[in-house]
Amino acid sequence: MKFYQYICACCPGKYGWIVWFLVAMLVPNLILVCTEPYGFTTCMASLLLPAAFYLLWALMIPCTGKMILWALPFMVLAAFQIVISFLFGNSIVAVDMFTNLFTTNPTEAGELLASIYPAVIFVCLLYLPLLIGAVRSVRKKDRLEPVYRKRLAVVAVVLGCMGTGAAVVSGMRNPGFAFQYHIFPVNVCYNMRLAVARWEQSLGYFETSEGFRFNARKAWTDNQREVFVLVIGEASRASSWSLFGYGRETTPRMSAMRGLVPFRDVLTQSNTTHKSVPILLSPCSAENYDSIYKCKSIVTLFREAGFRTAFISNQPANKSLTEFFASEADETVDITLKNGSYENRYDGEMIPELRRILFSSSDPLFVVVHMYGSHVNHSKRYPKEFARFLPDEAPSVSLKHRDKIVHAYDNSIYYTDHVLAEIISLLEESSARTALLYCSDHGEDLLDDRRGRFLHASPTTTYYQLHTAAFAWFSAEYMEMYPEKLAAASDNSWAAATTAAVFHTLGDLADIECDYLNKAQSLVNSYWEDLPRMYISDYNKAVPVLNTGLTEEDFGMFDRYGIRYNRQEIEKIKY
């Protein structure tokens, strides 16, 4: 109550509220002008047109307070944009970010908001007083006099004409310019509509894929039991694994593991989980991603080939393609569900379920293990006995706390190393002919350089989000039976691959044949063929991975970790 009274005492009056309203609503536009690669005319259009719109909005509703309250949806979008800018340093609220709202569990969202409280506080200070003042204005029945409304109308028309002229010039100079891509909040509203359409398309998966068949079969079989495991990591970047050259010893057990072959040059085709994981599980890639709604997953591929299948997940159900793919298994286990509610668990809690499934029969078996991995809050992804690097509790996302953030993230990798080693020990205990393939869906930014980027899922990528950890492990029985696959994997350890290779590699590991398997994209096949590496844009278009917003910092890391690329393929587009 005291806060409300304080705000009321400081109220600038009905005309001052309009100025505050206009400035507050243009803050996202000002940020985007500073962060995006826009030319001068695009910058002018992105400032002048929204300013004209907000002035006209103020004129349409004479009561100042009601005008502000009716603009609440625009304030929500503006606040979302400001927070996104704080997290990623640039980019509008993308389609995939809205989709993430549907697929991110509430606990994870709460952990994220708690770690970015400076941005949340700024948004509250910017918009809450405006809303409180609007309520007071409604009670006082403040209204704009006709003479001021006419003056504001003239200003709005002038700004609108200038902004339209700037947009026309920008469109003439750059054919790629469009209101739905470059003018906030038009672009965010457009992206929101696309996100809803994609969500509806995803919910129709069972209907659109109903008649799909792989027509898969085993090329050769004997009486020896076979077990194949796909472990899907989350937000696990290769540059934080000592297995891939990181200076800290974060993966001691994997580094010493016999029969393990690291794949050192694997780039993700998407930095968003709701796209990247389905790519790991299906024959689809960036080039044909829209066909993913019409085909089944690798679970069905193995079922058709005669394997019993299971899907063990440490990810809460969220009506995504990943959940729908999991339902194709003979058995699904969600360890996050307890007493009718979802809660985050440690990945190691999936191991007892894997043991039960592994030793419950002697049938050939295929299992998908979907980790929670290294998602934020990183310090909550591992038991405290795995807190090797300390201190690991960062109160907020900021450069002054970066050491703690990195410690927590490295601890999560250290714990992942332990879980993977325990899974492999189980497979060895089974005495089956077995192989395991691990691949993370994407990487993570950890305030690594001057850009101050954090997390993933931004419309523009970084090296840290792209370079993902991946490896294969082969049992002694498997190596004896398929020495040529082990040799091919070793030869392909530095192959320039993407996460789209996972489906083909797994099918080839199990010696499965079907028309959807491309052995030239299998990392365990001597016929591996390097192809142009593509990435799925926010609008589901396949674009060269080098044209995803990378900067000199990223290419420096590419060079450091031996990532192959051709700088001549880069196209620089500026609107």
Side-chain angles (χ1 to χ4, degrees), residues 226-234 236 238 241 243-244 251 254 257-269 276-283 285 297-299 301-302 305 307 309-313 322 325-326 329 347 350 354 358 364-371 373 416-417 419-428 430 432-442 468-475 477-479 481-482 484-493 495 497-512 517-519 521-525 528:
E226 293 187 325
V227 176
F228 297 96
V229 176
L230 168 63
V231 181
I232 302 174
E234 285 279 353
S236 194
W241 285 50
L243 178 66
F244 297 99
T251 55
M254 290 300 98
M257 187 71 65
R258 179 178 178 271
L260 185 145
V261 178
F263 299 119
R264 302 181 180 278
D265 191 359
V266 177
L267 303 183
T268 186
Q269 287 206 321
S276 54
V277 173
I279 284 177
L280 294 172
L281 293 170
S282 77
S285 63
S297 76
I298 197 166
V299 175
L301 176 80
F302 274 82
F307 287 80
T309 57
F311 198 110
I312 308 172
S313 178
T322 302
F325 287 168
D347 285 333
M350 292 187 285
L354 177 61
L358 182 61
L365 177 66
F366 173 65
V367 184
V368 178
V369 178
H370 191 186
M371 290 180 152
T416 293
D417 175 72
V419 174
L420 288 169
E422 292 301 303
I423 291 175
I424 290 173
S425 295
L426 271 183
L427 296 179
E428 289 180 320
S430 73
R433 182 190 299 144
T434 181
L436 175 146
L437 182 64
Y438 171 89
C439 187
S440 180
D441 60 345
H442 51 70
T468 188
F471 68 83
W473 171 84
F474 310 92
S475 70
E477 294 81 0
Y478 187 93
M479 289 188 285
M481 181 66 193
Y482 296 107
E484 74 282 0
K485 294 189 186 295
L486 173 64
S490 299
D491 291 342
N492 293 328
S493 181
T498 69
T499 48
V502 167
F503 177 89
H504 307 287
T505 301
L506 271 169
D508 196 13
L509 271 173
D511 211 15
I512 294 174
L517 281 172
N518 180 5
K519 293 188 178 181
Q521 285 301 293
S522 164
L523 288 164
V524 295
N525 198 288
W528 170 268

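Note that these values count all heavy atoms, side chains included, but never hydrogens, waters or copies made by symmetry. Model, not experiment: these values are computed from the prediction.
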Identify the two heavy atoms, one from [X] and one from [Y], that lie closest to each other, and give their separation to 0.1 Å.
| X | Y | result |
| --- | --- | --- |
| V266 | A470 | CG2-CB, 4.0 Å |
| S285 | A500 | CB-CB, 3.8 Å |
| G373 | D347 | N-OD2, 2.9 Å |
| A489 | V261 | O-CG1, 3.5 Å |
| F244 | A238 | CB-O, 3.5 Å |
| T499 | Q269 | OG1-N, 3.2 Å |

Just so I know, are the side chains of [X] and [Y] near enough to count as touching, which here means a heavy-atom distance under 4.5 Å?
| X | Y | answer |
| --- | --- | --- |
| M254 | T416 | no |
| L427 | L358 | yes |
| L230 | L281 | yes |
| F474 | L509 | yes |

* **W241 ring center within less than 6.0 Å of Y438 ring center** =>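 Here the rings of W241 and Y438 have centres that are less than 6.0 Å from each other.
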
* Verify the ring-centre separation between F366 and F302: is it less than 6.0 angstrom? =>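 Here the rings of F366 and F302 have centres that are less than 6.0 Å from each other.
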
Distance in Å, [X] [atom1] paired with [Y] [atom2], rounded so as to fall on 0.5 Å steps:
| X | Y | atom1 | atom2 | answer |
| --- | --- | --- | --- | --- |
| L260 | R258 | CG | CZ | 12.0 Å |
| L506 | L301 | CG | CG | 9.0 Å |
| L280 | S440 | CG | OG | 8.5 Å |
| T251 | M257 | OG1 | CE | 10.5 Å |
| D508 | L517 | CG | CG | 7.5 Å |
| E234 | H370 | CD | NE2 | 3.5 Å |

With no hydrogens and no angle check, is any side-chain donor or acceptor of [X] less than 3.5 Å from a backbone partner on [Y]?
| X | Y | value |
| --- | --- | --- |
| T505 | L523 | yes |
| N492 | N525 | yes |
| R264 | L243 | yes |
| T322 | V277 | no |
| S493 | S490 | no |

* **CA sep, side-chain torsions, deciding dist, call: Y482, V524, side-chain contact (heavy atoms from CB on, under 4.5 Å)** => CA-CA 10 Å; Y482 296 107; V524 295; over 6 Å; no

* **Reference residue W473; test side-chain contact (heavy atoms from CB on, under 4.5 Å); the match among L420, T434, L437** =>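 Exactly one pass, corresponding to T434.
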
* **Qualifying residue, where the test is side-chain contact (heavy atoms from CB on, under 4.5 Å) with I298 and the options are F325, F503, F228** =>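 Checked F325, F503, F228 against I298; only one passes side-chain contact (heavy atoms from CB on, under 4.5 Å): F503.
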
* Residues I423, M350; criterion side-chain contact (heavy atoms from CB on, under 4.5 Å); working and verdict -> CA-CA 9 Å; I423 291 175; M350 292 187 285; over 6 Å; no

* Can H442 and T468 be said to form a side-chain contact (heavy atoms from CB on, under 4.5 Å), step by step? -> CA-CA 5 Å; H442 51 70; T468 188; 5.7 Å; no

* To do: Please report the C-alpha distance between M479 and K485 in whole Å, then the side-chain angles of each, then the deciding distance to 0.1 Å, and finally whether the side-chain contact (heavy atoms from CB on, under 4.5 Å) criterion is met.
  => CA-CA 8 Å; M479 289 188 285; K485 294 189 186 295; over 6 Å; no

